[in-house]
There are 2 protein chains.
Amino acid sequence: MVTIAEVARRAGVSPSTVSYVLSRKRSISEDTRRKVEAAIAALGYHPHAGARALASNRSNVLALMVPLRSDMYVPVIMEIAMAVATEAREFEQDVLLLTKDEGTGGVRRIAGSGVADAMILMDVELDDDRVPVLRETGTPSVLIGLPADTAGLTCVDLDFEATGAVCVDHLADLGHRDIALIGESEAVYRRHTGFAARTLTGFQRGVAERGLRAVHRPCEGTYESAAGVLARILEERPTTTGFVVQNEAAIAPLLSLLRLAGRVVPEDTSVVAICPDQVALQSSPRLTSVSIPAEEMGRRAVRQAMAQLEGNRRSSLTLLPPRLTVRESSAAAPAV
Amino acid sequence: MVTIAEVARRAGVSPSTVSYVLSRKRSISEDTRRKVEAAIAALGYHPHAGARALASNRSNVLALMVPLRSDMYVPVIMEIAMAVATEAREFEQDVLLLTKDEGTGGVRRIAGSGVADAMILMDVELDDDRVPVLRETGTPSVLIGLPADTAGLTCVDLDFEATGAVCVDHLADLGHRDIALIGESEAVYRRHTGFAARTLTGFQRGVAERGLRAVHRPCEGTYESAAGVLARILEERPTTTGFVVQNEAAIAPLLSLLRLAGRVVPEDTSVVAICPDQVALQSSPRLTSVSIPAEEMGRRAVRQAMAQLEGNRRSSLTLLPPRLTVRESSAAAPAV
DNA sequence: ATGAAAGCGCTAACAG
DNA sequence: CTGTTAGCGCTTTCAT
C-alpha cells in the first residue's frame, strides 16, 4: 500500500501538501503541483478510502437501494442503476448496491455507519416504511418515485399523470373514440406503487376531457393474462381501436394476440406503450411510445444527492415531462 | 455519530471489549456481552466503516464490475447482481457497483484504495485487459465467465459447452435429424466473449456424435434479424425441425415467425432455449430450456471471493452443469 | 476475561 | 504558498 507519506517524501513536500494538491482546497505553486503529480503517477498512489472517510467525515459513496425481485421493468431498473453508477463517477463518488429487502434496517445501517454519504432509493411505495427513517435520521437522500407524503423529501420521477393524458391525447387526435388502458398487474396496484395509479388518473382525466369511452384492465406479464384481458376487452367493447399499454411484459403477447385476432396494427388498431425506448424499438411494428427516461432519472438523482451534500437541504420534486414518440404502431382510427 | 467509546462508557467496559464483542475474536463473559449488546441496541450503534477499514485493513466491501450497455441478457446480469448483493450480506459485506467502462483504471483504483477487499467481474472477454491487472496487483477476484487463459484465476460460469451438447442430445433423442442453432449476434462472437463460442463447440460436438445435420446462424435481437435468419434456414434446409436458441431477445420473434410460417410448436417444430427460467416460463408455449443459473453464479462468486479473503489463494474453475427442463416447446419430430 | 494504548492513513486547523 | 500536528473511530498488540 502506497501512502500519502511516501508520495510526500518522493515529491519532497509534506503530506498535507499532497492532500491539498488532491483536494484543491488551497492554492499550490505550479512547480509543487507538478512534482506531487509526478510522484503520484510514479508510485501509482490511490488515497486510502477508509482513512479519507475517517478524517474527512465523507465516504464519497452513494448508496443505491434497488428492488430485489422485480418481476417487472427489469431493464428500467438496470438502466437507472447504470446511469447512477456512471454519473456518480463524474463526482468522484462510488456506488454501493443495496437491496430493498434490507428495509429500514439497511437505511439505519447506512445512516449510522458512514459507509455512504447519501442514499438513492428506487421502487418507492406510496406508504414506504423507509421514508420515516430517512426523515428521522436526516440522511441526505433522493427517492426515485413518489411516496404519498413528499414533504421535506427530494424526489425524481416521470410525470406519470401527464403521461397517461398524453397517450389519450395522441389516440384522440388520431380519431379513436373507444380506448383501453392495459395496466400493470394487480400486485403493483395493491403494493400501492404510485406510478400505476398516477398513470390511471391522467388517463381518466384525458378520457373525460376528450370525451372518449375507455376501459382499464390490470394485466400480469404473462401471455395467458394478456390473452384473457384482450379477449375480454374485445368482447365487451369490440369497438375499441386504441390501446395504451403500461406493463412492458404484456407488450409482446398483446401484439401477437392482436394479430391472431385479425387486427392489423396500426391500420385497424393503434397501440401506444409506456416503456423504455429500447423495448419500443425491438417490437414489430416499432411502437409509438412514451419512453421511461431511466437514464435521465438516474443522472438527476445523483445530481440532487450531490446538491444536498453541498448543503442544499431544501426539498424538491422533479417530475420529468413525458415525451411521446410516434412510431409505427399508431395511425388514424379506421373509418366506422 | 455514536462511537464505540460511548457504547463502552454506557456498558461500563473498555472500547476494546466492545470491539471484541463485535468481532468475537476473544471470549467474553456472558454478563459483559449482555451489557455491551444492550448498550449497542440502546444507542443504535453502528461501527464507522471507514475507521474499521483503516484499523483492520479490511473494508468489508466486495466490488462488482458489470457491463454498462448490455443490449443482451439484461435480466441475467440483474439477477447475478442481486444474488451477489444478497449473498454478500450473509458475510456482512457490502457491494460496490462498478461499470465495466471504468476498465483497467477502475481495477487499479479499487486495488489501490482499499475501498473493496475483492472484486467480482462480469462479462469477461476471452482476452480481457482487466485480467493482467488483476494478476499484477494480486487483487482477490472472481470472474463470472472464462477468459482464454485461466491460469491462477478463480472463475465461475455455466458449462456452455456441455449446454450446447445437452440441447443437441435432447433434440436427437426426440428424433430430430436436422437442427439449427440460432446464436448470439455477430458482435458477441466478435467481442470474443467465450460463452457463445463454447456453446457452438458443444453443439457441433453433439451434432457429430449423434450424426445429425445442423446449421449455425448468428442473430441480432431484433424481429427483422430473426425473420431474416429463420427465412434463410427454412429455405436452405426446409427439413429443419429442431431449433436451439441462445439469444434470448430472439426467442419471442422466432416463435411469432414460426407461427407465421405455418409451423406449430411443438408438433411440427421443437425449440430449445438457453435462457433464464423466467424467460422460458413467460413465453407461449412455455419453453424447454437450459436455464442460465444466474443466482447460483452470483452466490458462488461471493463464496469464492470470501474463501480467497480467508486465505485460500488457489485458483479454481467452477463450471456449473447445465440443467435442461422439458416444457411445452419440444416433442417428437414429425414423421417424415 | 478485560484494559491501556499505539497506530492505521488521511484531513484540516493552526502556524508561519 | 507550505509545513506541523492533532485527531477521526476503530482494531489489536501487549499487559495484567
Side-chain angles (χ1 to χ4, degrees), chain A residues 1-37 39-40 43-61 92 94 109-117 309, chain B residues 1-37 39-40 43-61 92 94 109-117 309:
Chain A
M1 243 251 111
V2 26
T3 72
I4 201 171
E6 298 175 50
V7 174
R9 198 173 324 125
R10 174 156 185 149
V13 300
S14 77
S16 65
T17 297
V18 176
S19 175
Y20 285 117
V21 166
L22 255 17
S23 70
R24 22 184 83 257
K25 282 188 179 169
R26 73 183 187 191
S27 47
I28 300 284
S29 75
E30 194 43 42
D31 185 48
T32 301
R33 152 161 286 122
R34 253 202 316 280
K35 280 192 293 198
V36 169
E37 279 166 352
I40 289 176
L43 298 174
Y45 169 71
H46 291 274
H48 188 284
R52 177 173 267 189
L54 182 56
S56 67
N57 208 23
R58 281 276 248 119
S59 65
N60 293 102
V61 168
E92 310 217 315
D94 270 309
R109 186 170 66 83
I110 301 307
S113 68
V115 71
D117 300 323
L309 295 178
Chain B
M1 246 253 108
V2 26
T3 71
I4 200 171
E6 298 175 50
V7 173
R9 198 174 323 124
R10 174 156 185 145
V13 300
S14 78
S16 64
T17 297
V18 176
S19 175
Y20 283 118
V21 166
L22 256 16
S23 68
R24 24 184 82 255
K25 283 189 179 168
R26 74 182 185 191
S27 47
I28 300 284
S29 75
E30 195 43 43
D31 185 49
T32 301
R33 150 161 286 123
R34 255 201 317 277
K35 279 191 294 198
V36 169
E37 278 164 355
I40 289 176
L43 297 173
Y45 169 71
H46 291 275
H48 187 285
R52 177 171 266 192
L54 182 56
S56 67
N57 209 23
R58 280 275 248 125
S59 64
N60 293 101
V61 168
E92 311 216 313
D94 269 310
R109 185 169 66 82
I110 300 307
S113 68
V115 70
D117 299 323
L309 294 178

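Fair warning: this is a prediction, and the values are worked out from it, not measured in the lab. Residue numbering restarts at 1 for every chain, and letters A, B, ... go by the order of the sequence lines.
- As judged by a 4.0 angstrom heavy-atom cut-off over every strand, A:V18 is placed among residues making no nucleic acid contact.
- Donor-acceptor pairing under 3.5 Å, judged by distance alone, is absent between the side chain of B:R9 and the base of C:dG3.
- Nearest-nucleotide positions on DNA chain C for B:Y20 and B:A51 put B:Y20 closer to the 5' end.
- Atom OH of A:Y45 and atom P of C:dG9 are 10 Å apart (whole Å).
- Computed from coordinates, the A:L54 CG to C:dG7 C1' distance equals 12 Å when rounded to whole Å.
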Salt bridge (charged side-chain N to carboxylate O under 4.0 Å, His left out) assessment of B:E30 paired with B:R34: CA-CA 6 Å; B:E30 195 43 43; B:R34 255 201 317 277; 3.7 Å; yes
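- You'll find that the side chain of B:S19 is closest to D:dT12, out of C:dG3, D:dC10, D:dT12.
- Atom CZ in A:R26 sits about 11 Å away from atom P in C:dA12, given to the nearest Å.
- Positionally, the nearest nucleotide of DNA chain D for A:S27 lies more toward the 5' end than for the other of A:S16 and A:S27.
- Listed nucleotides: D:dT12, C:dC8, C:dA4. Nearest to the side chain of B:S14: C:dA4.
- In the set C:dA12, D:dT11, D:dT2, the nucleotide with an atom closest to the side chain of A:S29 is D:dT2.
- Side chain to side chain, A:S19 and A:S16 fail the donor-acceptor criterion of an N or O pair below 3.5 Å.
- The CG-P distance, from A:N57 to C:dA12, rounds to 10 Å in whole Å.
- For the pair B:L43 CG and D:dG9 C1', the computed distance is 15 Å after rounding to whole Å.
- In this structure, of C:dG3, D:dT2, D:dC8, it is D:dC8 that holds the atom nearest to the side chain of A:A55.
- Using a 4.0 Å heavy-atom criterion, one finds that B:S23 contacts no nucleic acid atom at all.
- Taking 4.5 Å as the limit, every side-chain heavy atom of A:V61 sits out of range of all side-chain heavy atoms of A:V115.
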